[in-house]
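Following this message is one structure expressed as structure tokens.
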Amino acid sequence: MENKELIFDSNIDKLIESADLTKEAPTEEPYRQYWFMKKARQLVNEKSKELNRDLTFCVNTFGCQMNARDSEKLVGVLERIGYVEAPDENADFVIYNTCTVRENANLRVYGRLGYLHSLKKKNPHMLIGLCGCMMQETQVVEKLKKSYSFVNLIFGTHNIYKFAELVVSALTNDRMVIDIWKDTDKIVEDLPSERKYPFKSGVNIMFGCNNFCSYCIVPYVRGRERSRNPKDIVREIEHLVADGVVEVMLLGQNVNSYGKTLEEPMTFAQLLQEVEKIEGLERIRFMTSHPKDLSDELIEVMKNSKKICRHLHLPLQSGSSEILKKMNRKYTKNQYLELVEKIRKAMPDISLTTDIIVGFPGETEEDFLETVDVVEKVRYDSAFTFIYSKRTGTPAAAMENQISEDVVKDRFDRLLSRVQEIGRTMSARYTGTVQEVLVEEQNSQDTHLMTGRMSNNLLVHFEGDTSLVGTICQVRLDECRGFYYMGTKVG
Ligand code: 5AD
Ligand code: SF4
């Protein structure tokens, strides 16, 4: 399979069609899944005839860009087997692609399941599927088995590639189908996916995480780090570009350690250079960078690139070296600040954003003030601020000195107002300039306006029409309104 051509989407349809249902399902992937897609198509078709209407689906995504990309893969399969997208959860197949990075994400899922149950009582044909990170937690699956027996299908993050096979099981089984793997080293290429936007797409470059930050559940639910073969990545992007995509977001939990696990190791900066060569591709973004692995080579490649966007998301988590040590982040406050200085020196116009956790166990007022100090020194364009959430099984959950809710809330509010104040001034620094934007959509409140995204990730609304969607325009930024601009198209 090493050097095979990537199978393009239209070919996938032919391959599904040519699967032989009179024989057993093949064992080799992705052909096994093509066989199950054909089988599922048959089952959906029969049911649709019986009900005399189309069967509908709704995929609801929680969490990060990785999950958003995984959901596009689920939708790709559902559409190929004959389901039609419904506007809401009143559908024949509802899937929740879950997140578990913080406790409240889990609580939201349980809450919504009650609502789904009420819909299912009205539609006996309805199937409910749950997947994603939350399903990788044993206690979650136990709870679902015990108290949410109306759920039809549960699977995790490692076997999403066999979704078609799982759908066939769910369609032919009255009992709850559960398939969770602890980990995998497998990467299955050439499965269908349905992009949310025709002109931009996420592209997985690696899966899993080996960093084990002490608060984080991701390494336990997404497994060990594994990188996709660069040839497969480049071919996928070439195909996307041929299909109208002008911007890609390279996705990984820690893109800066890309390529370490490959048979022929390569760096993330080298991969970016390969992607840059793809003709017709206009913009490259990536997410997420770990400061400890951000190399000088990457800064140099970014600086010299015409396509890599002027935006870097560089999670800080805490500004206190003491807390960073307990978090197992492997950098100090000063190292982080030095890195930022290096980046800004190479690219003065770059927009920096970050993630910050408030209330990590043992965080003192002094530690917190160190965080505020970094925020004031770096002056982020924006920052996601989170209240520390205790995740069962992580080292931090067992640490002493968990911080009381009111102390955390007070620190959180203080941090947020500082972050927003700085973010507003930083965002406004482009007022009066002309920027290249990728036009993404019509403004839902005022249909005369279109919304475009700048290289630095800020949004601008300007007068225009839907024919501009997916094109790159020059827009003058007239007025900054907090975190977005109003502008005028000038070319
Ligand atoms: N509590 C709060 N925030 C967390 N994050 C990860 N784990 C936790 C946790 N247990 C945040 C980090 C990470 C982002 C995706 O989520 O800031 O960068
Ligand atoms: Fe979690 Fe740290 Fe891995 Fe990010 S790098 S996913 S915060 S363990």
Side-chain angles (χ1 to χ4, degrees), residues 36-37 39-64 67-100 104-135 140-141 143-156 160 163-179 192-198 441-442 444-445 447:
F36 278 104
M37 282 176 218
K39 178 86 191 154
R41 196 183 268 175
Q42 213 176 51
L43 295 167
V44 169
N45 196 18
E46 277 165 23
K47 198 152 197 139
S48 173
K49 275 199 182 125
E50 182 192 316
L51 300 175
N52 202 19
R53 61 171 177 83
D54 284 334
L55 291 189
T56 58
F57 76 89
C58 172
V59 176
N60 198 343
T61 313
F62 298 79
C64 67
N67 264 16
R69 181 68 185 138
D70 281 350
S71 288
E72 291 184 345
K73 294 174 186 168
L74 301 177
V75 173
V77 171
L78 288 167
E79 294 198 336
R80 268 180 177 77
I81 64 178
Y83 278 97
V84 177
E85 187 154 19
D88 53 36
E89 291 170 355
N90 206 340
D92 298 300
F93 200 164
V94 176
I95 299 181
Y96 280 181
N97 189 2
T98 63
C99 167
T100 189
N104 53 7
N106 292 35
L107 299 176
R108 265 171 60 208
V109 169
Y110 290 125
R112 289 205 69 84
L113 276 177
Y115 169 65
L116 285 193
H117 196 196
S118 69
L119 292 179
K120 191 166 179 172
K121 281 181 190 152
K122 285 183 230 148
N123 175 7
H125 302 285
M126 182 175 176
L127 293 180
I128 299 174
L130 298 175
C131 63
C133 295
M134 191 177 152
M135 300 306 123
V140 168
V141 177
K143 183 167 171 168
L144 291 167
K145 279 203 278 196
K146 214 167 122 207
S147 317
Y148 297 82
S149 57
F150 57 90
V151 172
N152 302 82
L153 172 63
I154 297 177
F155 58 103
I160 188 163
F163 179 53
E165 188 168 347
L166 294 166
V167 171
V168 169
S169 300
L171 283 167
T172 50
N173 242 302
D174 288 333
R175 303 190 48 175
M176 192 188 255
V177 175
I178 304 177
D179 193 5
S193 76
E194 198 59 45
R195 293 196 309 279
K196 197 171 165 199
Y197 300 96
E441 59 199 358
Q442 191 172 44
S444 55
Q445 278 141 35
T447 53

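Below, all heavy atoms of this structure are taken into account, side chains as well, without hydrogens, waters or symmetry copies.
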Glu50 atom CD, neighbour heavy-atom count above 12 within 6.0 Å: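 More than 12 within 6.0 Å, yes.
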Aromatic plane relationship, His117 with Phe150 - under 30° parallel, 30 to 60° tilted, over 60° perpendicular: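 If you compare the ring of Phe150 with that of His117, the planes turn out parallel.
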Carboxylate-amine/guanidinium proximity below 4.0 Å for Lys49 and Glu46: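 Salt bridge absent between Lys49 and Glu46.
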Polar side-chain atom of Glu72 near backbone of Ser193 as donor-acceptor pair, under 3.5 Å: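 Absent.
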Where Glu89 and Met126 come nearest, the two heavy atoms and their spacing: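 So the two residues come closest at O-CE, 4.0 Å.
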Heavy-atom closest contact (Arg80 atom, Glu194 atom, distance):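 Reported closest heavy-atom pair: NH1-OE1, 4.2 Å.
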Minimum heavy-atom distance Met176-Tyr148, with the two atoms named: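 Closest heavy-atom pair between Met176 and Tyr148: CE-O, 3.4 Å.
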Expected output: side-chain Thr98 to main-chain Met134 donor-acceptor under 3.5 Å: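 Yes, because the side chain of Thr98 sits within donor-acceptor range (under 3.5 Å) of the backbone of Met134.
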Arg108 atom CZ, neighbour heavy-atom count above 12 within 6.0 Å: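 No, CZ of Arg108 has 12 or fewer neighbouring heavy atoms, counting only those of other groups under 6.0 Å.
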More than 12 heavy atoms from other groups under 6.0 Å of CG on Asp88: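 Atom CG in Asp88 is packed in, count exceeds 12.
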Positive for side chain to side chain contact (heavy atoms under 4.5 Å, CB included) with Ile95, one of Leu153, Leu130, Leu78: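 Going through Leu153, Leu130, Leu78 one by one, the side chain to side chain contact (heavy atoms under 4.5 Å, CB included) with Ile95 is satisfied by Leu78 alone.
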Side chain to side chain, Tyr110 and Val140, heavy atoms closer than 4.5 Å: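 Tyr110 reaches Val140 side chain to side chain.
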Side-chain donor/acceptor of Thr56 to backbone N/O of Asp92, under 3.5 Å: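 It does hold such a pair.
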Atom of Val77, atom of Met37 and distance for their closest heavy-atom approach: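 For Val77 versus Met37, the nearest heavy atoms are CG2-CE, 4.2 Å.
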Shortest non-hydrogen contact from Asn67 toward Asn97: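 That would be O-ND2, 3.1 Å.
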Modelled atom types, side-chain donor and acceptor of Lys120 and Asn152, under 3.5 Å: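 Distance-only check passes for Lys120 and Asn152.
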Taking every non-hydrogen atom, the tightest pair across Cys99 and Ala105: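 Shortest heavy-atom separation between Cys99 and Ala105 comes out as O-CB, 3.5 Å.
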